[in-house]
Each structure stands twice: as structure tokens, then as C-alpha cells.
Asks: 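Take this structure first; my questions come after.
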Amino acid sequence: MHSALFTRFEPELRRLTDFNFCRVKMRTVLYGKKAANLYTQAFVQNTQARALYQESEDTYYRANDAASYDDWRRARHQWDYFYNRH
């Protein structure tokens with residue numbers, strides 16, 4: 001299980017700094033391979049969750065921005081219609 005889990009998360013683990021990699025090794029020594037793998041899995045999933053949350057937040061703000069612009073355009077058209085008719 002140790003090698004399979006590390007192979008599964010290998011791209012994320014390569015992005016770890018030397019300090020974090022040392023922490024993984026330290027956890028392996030302190031808690032055993034299974035617990036160290038679970039800590040590593042939790043770290044990777046937390047990183048992915050943070051990235052997905054920020055992406056969804058950006059999408060929400062872009063949608064809100066587009067809706068605000070549409071409201072502004074509608075109000076501008078309404079103002080132009082009422083105040084510039086002859």
C-alpha cells in the first residue's frame with residue numbers, strides 16, 4: 001500500500017518542498033507508513049480543495065460582474081429612452 005499510494009499522489013508529492021518531504025519522512029518514522037500515507041493524502045486533498053474553492057470563487061465573481069454590467073446597460077438604456085425622447 002505504501003508504494004501504491006505514493007505512486008498515486010506522485011505529481012503532487014513532487015511539488016512538495018524539501019521541508020514538507022522531510023515531514024512526510026518524519027511522520028513515516030513516528031506514526032508508521034499507513035498513518036504517514038493518510039497524512040500525505042489529506043495534505044494533497046486539502047491543496048486540491050483550496051485550488052477548486054478559489055476557482056469556483058473566481059467564477060462566481062465573474063458571473064456577478066457580468067450580471068452587474070447587464071443591469072448597468074439596462075439602466076443606461078432606460079435612462080436614454082426616458083430622458084432623450086422628443
Side-chain angles (χ1 to χ4, degrees):
M1 175 161 177
H2 173 72
S3 61
L5 187 60
F6 273 97
T7 304
R8 180 176 168 203
F9 293 112
E10 187 175 352
E12 287 83 4
L13 287 174
R14 286 187 181 177
R15 286 187 234 139
L16 290 174
T17 63
D18 290 336
F19 178 72
N20 285 332
F21 188 71
C22 289
R23 285 198 324 200
V24 170
K25 290 288 190 181
M26 182 180 66
R27 285 181 178 149
T28 303
V29 171
L30 292 176
Y31 305 120
K33 292 178 182 178
K34 186 174 183 179
N37 287 338
L38 290 173
Y39 276 116
T40 303
Q41 183 179 1
F43 172 79
V44 170
Q45 289 174 344
N46 189 34
T47 303
Q48 292 170 343
R50 241 183 298 128
L52 289 173
Y53 175 78
Q54 290 172 351
E55 186 178 330
S56 66
E57 193 175 46
D58 290 346
T59 303
Y60 169 77
Y61 284 115
R62 282 195 304 269
N64 194 28
D65 185 44
S68 296
Y69 177 72
D70 288 344
D71 287 345
W72 175 80
R73 243 182 31 205
R74 183 181 42 76
R76 181 188 62 181
H77 178 71
Q78 183 179 5
W79 179 87
D80 190 48
Y81 174 77
F82 284 111
Y83 292 103
N84 290 318
R85 56 187 171 160
H86 297 121

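Every heavy atom of this structure was used, including side-chain atoms; hydrogens, water molecules and symmetry mates were not.
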Asks: Suppose we screen for side-chain hydrogen bond (donor to acceptor under 3.5 Å, both in side chains). Which residues come up paired with Asp70, at least two apart in sequence or across chains?
Replies: none
Asks: How many angstroms lie between atom OH of Tyr39 and atom NZ of Lys34, to the nearest 0.5 angstrom?
Replies: 13.5 Å
Asks: Which distance, rounded to the nearest 0.5 Å, do you find between the CD of Gln48 and the CZ of Phe43?
Replies: 10.5 Å
Asks: Under the salt bridge (Lys or Arg N to Asp or Glu O under 4.0 Å) rule, collect the residues that match up with Arg76, sequence neighbours excluded.
Replies: none
Asks: Could you pull out every donor-acceptor pair under 3.5 Å between side chains of residues 50-68 and any protein atom, sequence neighbours left out?
Replies:
{"residue": "Ser56", "atom": "OG", "partner": "Leu52", "partner atom": "O", "Å": "3.3"}
{"residue": "Ser56", "atom": "OG", "partner": "Tyr53", "partner atom": "O", "Å": "2.8"}
{"residue": "Thr59", "atom": "OG1", "partner": "Glu55", "partner atom": "O", "Å": "3.0"}
{"residue": "Thr59", "atom": "OG1", "partner": "Arg62", "partner atom": "NH2", "Å": "3.4"}
{"residue": "Ser68", "atom": "OG", "partner": "Asn64", "partner atom": "O", "Å": "3.0"}

Asks: Taking Ala42's backbone N and O only, do any of them form a donor-acceptor pair with Asn46's side chain (distance below 3.5 Å, no angle check)?
Replies: no
